[in-house]
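Any value given below was found using the heavy atoms of this structure, including those in side chains, with hydrogens, waters and symmetry copies removed. Sequence lines set the chain letters: A, B, ... in the order given, protein chains first and strands last, and positions in each chain run from 1. Just so it is clear, the structure is predicted and the values come from calculations on it, not from any experiment.
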Amino acid sequence: MRGLAAHSNGFHSIRSLSILMSILGTIDRPGGFRHKAPFPRPIPPCAKTPTGPEGVQPNTPLAGMPLGWPADPDDLFVDEQGEPVRIDKAFSWEHPLAVHGLMHNVITNAWRGDPYKIDTLMIFMANMAWNSSMNTVDVRQMLNDKDENGEFKIPFLVVCDAFQSEMVAFADLVLPDTTYLERHDVMSMLDRPISEYDGPVDSVRVPVVPPKGECKPFQEVLIELGTRLKLPAFTHEDGSRKFRDYPDFVINYETAPGSGIGFLAGWRGKGGEKFMKGEPNPSQWELYEKNNCVFHYELPRSYQYMRNWNQGYLRWAQDHSLTRYAEPINIHIYSEVLQKFRLAAQGRTPGGRVPPERLRKRVDTYFDPLPFYYEPLEAQYSDKHRYPLNALTQRPMAMYHSWDSQNAWLRQIHTYNYLYVNAQTAQAAGIVDGGWMWAESQWGKVRCLCRYSQAVEPGTVWTWNAVGKAAGAWGLSPQANESQQGFLLNHLISEELPAHSAGEHISNSDPVTGQAGWYDVRVRIYPTDAEEPEVSSPQFEPLQPVPGQSKRPSWLAWFAGGKKGHR
Amino acid sequence: MHPAFSVIFLTTLSGVGQGLFLALVTAQSYAAVGFIELHNPSAFFGIGSLIALLFLGAGLFASFFHLGHPERAWRSIARWRTSWLSREVIVLPLFMGVVFIYGVLHYFGWDPNVLGVSNPLQGQLSLLVGLVGTVICFALFVCTAMIYACIKFLQEWHTPLTVANYTLLGTASGFTLATAYAAIQAPHLTTLYAIWAVIITLAALVTRVWSLLRNRRIQYKSSLRTAVGISHSNIVQKSQGFMAGSFNTREFFHGAPRQVFLAIKWTFLVLVFPVPLLLLAAGMASSRAANVRGSRRSYRRDFATIGLSLFVMATETHRKKIWDLYGQVPAYMLFNGLFGHSQLHQAQPRTILHT
Amino acid sequence: MTQLALVIDLNVCVGCHACVTSCKQWNTSGPAGYMSDDNPYDKDPTGTFFNRVQTFEVGDYPNTETVHFPKSCLHCEDPPCVPVCPTGASYKRESDGIVLVDYDKCIGCKYCSWACPYGMREIDEHQKVMKKCTLCVDRIYDTSLPEAERKPACVMACPTNARLFGDVHDPESEVSLAIRERGGYPLMPEWGTKPANHYLPRRKTRITIHEDELIRADNPLKKERKQAPHTIEGPTLDDSTMW
């Protein structure tokens, strides 16, 4: 999450913005904030997680959704003491409305055994040993750390990745994944579809080249696992296999038996005559392929606006099972949901769940039913005179959705990264344009290259995210600019707040939603000494090539149907 | 610009060859009108022509290394109507042909009296060929120089001084080689060539300094403002869209830091013009001393040594001059991707532009 | 006579490089041959591109504008790179004004790159010929493509519609209208090269709000205020109107 959401005060900031839009009347109006199906949804949406430890039993499927939308303290996923059940502490009093979970705390929590120890960590498409983690240096140590018995604290680590990423180097088991070009995929109505303003859209990917080597789509791995574990979603009542493979799963899976709601909204029903809802269609993939892999239903024009209160649209959405209720969806200016949590914290809900003592003040403060501004949590607990600057990152557009800068020519655009500093701020610190400098937070420091900028506010420094790589990772040479001149701001960011009254290990996240406070770090900057090496810091032991990894050609050229390279 | 050594060799070597040929024709013309006497002219002109041909051939050979596809070099005669490069490609072999004929006529003594006048003119056919060759030789200088001078965007190059510099430096190096050659083959011509070498080198110094002054005061037509079309006094390039170089940074920036560049400029100015003159003075003095001692051998040896060092100096001059041409980052390239490169920040391309 | 060209709107370009990557993708796979990359996985990777996006900062903080500036061959109407070519490999097409390089005739002497004041030509270090933007000449006339896709790859890829493509000699074309109505300008006009590509300048959108406009004259809150009953003395028209 980026932008406003990437701060520990992000929830209330965004709520303020939404309320402002509501007051201005720009919600789902021409030129305003338009909805895309399946939105608008009821507030809060219906899905709920289990609410106590009994919902998680060995060899038993989870009793509820893994992620949900708590609407009052009884929906929280906590034990009798009000402490977290989940490894990431989502849906606990620490982060009650953590609707996306707190992935950024999983490794640290597992390493500490808080709330419990784990035996296996499975990672897919997340570079937790590098740019997907806060506090990267320590997280890398945690991944390799051992307990007093000499056993790994995270005993078994499975990584599914299509590339030789920093994370893969820590794996006990690597599941070589396929790329988007080699597998089936769905951009499903069940999970962030690609809808347009004028109506629901979903889409698929179909393989255009066969997978290389022993690569297997991760979805196939999951279906195989689910089937062998005899999870009910993947097996018939007699325990026999329900889905042949992922394409079969996509077609035949229904949210509930006979619900008619599946991954894909288009060409449902026996002959493909229905959409949104209908029985599974065995030739659904073929029909998608025939239609450029996209299904797009354009709503009648009168259903395209004001959908929170558009009776026609709401009826249509209900008829097509997009939503349970056809009632007007009013934006909560005063949030009754937040107030319920606040009342619990104030001890004004007799007999109801209450937060643990240490968190009462926190919940009371941040579950204000009306939005308000507060200083990001990290800043509240930091020495702002010692660390006067805000530091943040953004993903370069040229590399968005291409974590793999090992693409031979894409990496020419952002080969390494500078820290952009307002010229006056840099000059005051004695740092020259294009020169080496240190950026230091209370958590760590990085040596990097400075670039003056007039386009950044003097109290902020920023850099491109994830351009810096660990030496030898991503198939790059250990001398590649990415590791020698590029750097990662993550080393300066902590996944936990300094110990304070709410606890010693409270996540560096929004206290309401658990959204990571990626942009809250505060830094100071100073030039390097003349005798320091001109290389970014920290550096790590270069990754060694793995068996079977092909040699790097000295030049390369792609052409239709192949590539050519020479040593 | 990044100096392409193949092109530097081409222009330097062919300049020497051209200058040497001009020196030969000069001697023949002087002899034709009776200013000087020639001993064993057929060997002197024949071998001289061969040396000139060798230089021209070596230059031509070097030029192939500049091409991505030398096997298609023959195509480059196609656009002589518009391209000075094409014209050079035509004129250079033509000139070599004439030099060859000139040499052959002399060496084998095929020198009929085509003009019907026998005194004071001698060797009339070869002289005619020599005069035709001279015209072609200057045409070649013009073609070579115009390759650079016709590029109007490169204001440092776009001046008649480029043509003058090319011609004078090529001729100077050729005459200096002729001085050394004469010291061995025809000692009585040494002084003549040495004097001409000095005169032409001085003339080259004048045009060279002139063009340096001109370049220092040059008013650039283009600016970052016209290059991006934004009217503001403070435009700074932050990204070139690539970070580890491109064709433009390789081709149009020599990569040398500013100090190195200034050092080269001054080495060039100090060593290359005054030093030959000093050497020449020393040479004159020592040859007079040798004459006094009557030792013809030492006279010849001294003059050959001095002549050769002069020759080295002169070719060095020429080479530096061309290096210098390349050394200039074209003004427009500064707006086309060179700003913002960290190396360039230290190298201060603006200053380089003025050297 | 037709003169195809790009018109690039600096006001909406966000510097995402989608045009750069789609250009490279299309053209390295094109029938004219690859665009090679050196040190692809090593220090200092570098390669051939037809299109690059530069970034400038204009002005001082806080009055700064970040200008992303896509550049490719401008297809000059009087292209200085063409007459200097000794082989005729560099040429300008009569039919549509596209400046092209015939890779089979190019000897790789680089002279045209010196003569281009815009620095828009790049030699391919391995194919050893000079290359540049072709306006995707292999796309725009390809009748096997749907009509809407017969545009340069960069134009197809631009997410903000910052790139327009068309005939700048047709006064009614989209590009001509854009140039005429939105202040399109050529680069370095001082050299008389008459670039066919044009750029649309940054625009500042300002609204002027007068203080009066912020106060609602017909504020309904005021209407709801209780008003005292208002009576008048004397006759009215009502009193004497009988029909």
Side-chain angles (χ1 to χ4, degrees), chain A residues 164 292 395-400 402 405-416 420-425 451-460 469 472 474-485 545 549-566, chain C residues 13-68 70 122 124-127 131 138 146 149 157-160:
Chain A
Q164 176 72 351
N292 209 19
R395 184 86 184 134
M397 287 175 279
M399 289 159 84
Y400 226 100
S402 176
S405 64
Q406 86 300 334
N407 177 318
W409 48 265
L410 192 56
R411 67 183 281 256
Q412 293 174 31
I413 298 173
H414 296 285
T415 316
Y416 52 93
Y420 289 93
V421 187
N422 184 287
Q424 280 191 323
T425 310
R451 172 65 79 227
Y452 287 8
S453 173
Q454 295 293 344
V456 59
E457 183 272 317
T460 303
K469 301 273 185 276
W474 300 94
L476 298 177
S477 130
Q479 287 79 41
N481 313 61
E482 283 86 342
S483 63
Q484 303 305 297
Q485 292 158 283
Q549 197 175 330
S550 51
K551 285 253 163 63
R552 289 180 281 268
S554 72
W555 71 276
L556 200 59
W558 273 269
F559 50 87
K563 68 178 174 182
K564 136 179 200 173
H566 289 266
Chain C
C13 174
V14 293
C16 73
H17 284 79
C19 55
V20 176
T21 54
S22 62
C23 166
K24 175 93 172 180
Q25 175 71 49
W26 175 262
N27 285 295
T28 195
S29 311
Y34 55 77
M35 293 155 79
S36 59
D37 298 292
D38 277 279
N39 311 326
Y41 306 116
D42 220 313
K43 187 177 167 56
D44 294 342
T46 181
T48 313
F49 281 74
F50 294 170
N51 181 29
R52 305 198 188 246
V53 179
Q54 305 175 352
T55 301
F56 297 89
E57 283 180 7
V58 180
D60 287 322
Y61 180 85
N63 301 310
T64 321
E65 277 190 79
T66 301
V67 179
H68 300 289
E122 302 197 5
D124 189 286
E125 300 288 356
H126 297 280
Q127 215 180 349
K131 298 188 173 180
D138 53 342
E149 289 177 26
C158 181
T160 64

Report task. Among A/L476, A/N481, A/L410, find the residue that satisfies the side chain to side chain contact (heavy atoms under 4.5 Å, CB included) test when tested with C/P45. Result -> A/N481
Requested in this report: Heavy-atom distances under 4.5 Å only: say whether C/V14 touches chain A with side chain, backbone, both or neither.
Outcome: both
Report task. Identify the heavy atoms of A/A557 and C/S36 that sit nearest to each other, and give their distance. Result -> CB-CA, 4.0 Å
Report task. List the atom of C/K43, the atom of A/Q485, and the distance in Å for their closest heavy-atom pair. Result -> NZ-OE1, 4.4 Å
Query raised in the report: Roughly how far, to the nearest 0.5 Å, is the CE atom of A/M397 from the NE2 atom of C/H68?
Result: 5.5 Å
Report summary line: Scanning both residues in full, the closest heavy-atom pair of A/S554 with C/P40 reads O-CD, 3.4 Å
Query - When C/N63, C/T46, C/V53, C/N39 are compared by non-hydrogen pairs under 4.5 Å with chain A, the top option - result: C/T46
**Report entry** Contact leader toward chain A among C/D42, C/D124, C/D44, where contacts are heavy-atom pairs under 4.5 Å
**Finding:** C/D42
**Report entry** All side-chain hydrogen bond (donor to acceptor under 3.5 Å, both in side chains) counterparts of A/Q549, not counting sequence neighbours
**Finding:** none
Report task. Quick one: pull up CZ in A/R411 and CG in C/D37 and give me the separation to the nearest 0.5 Å. Result -> 10.0 Å
Query - Part of A/S453 within contact of chain C (heavy atom distance under 4.5 Å) - result: both
Report summary line: Minimal heavy-atom distance between C/Y41 and A/L556, with the atoms involved, is OH-CD2, 3.5 Å
Query raised in the report: Okay, side chain of A/Q454, backbone of C/T64: is any donor-acceptor separation there less than 3.5 Å?
Result: no
Query raised in the report: Is it the side chain or the backbone of C/Q25 that comes within 4.5 Å of chain A heavy atoms, both, or neither?
Result: both
Query raised in the report: Should the pair A/W409 and C/F49 be assigned to parallel (<30°), tilted (30 to 60°) or perpendicular (>60°) ring geometry?
Result: perpendicular
Query - Contact class of A/P396 relative to chain C, heavy atoms under 4.5 angstrom - result: neither
Query raised in the report: Who among A/I413, A/V456, A/N422 has the most heavy-atom pairs with chain C under 4.5 Å?
Result: A/I413
Query raised in the report: CG of C/D38 to CD of A/Q412: how many Å apart, nearest 0.5 Å?
Result: 8.5 Å
Query raised in the report: Given a strict heavy-atom distance threshold of 4.5 Å, which part of C/T66 is in contact with chain A: side chain, backbone, both, or neither?
Result: side chain
Query - Heavy-atom proximity to chain C below 4.5 Å, by part of A/Q424 - result: neither
Query - Winner by heavy-atom pair count (cut-off under 4.5 Å) against chain C, out of A/S483, A/P478, A/S477, A/A423 - result: A/S477
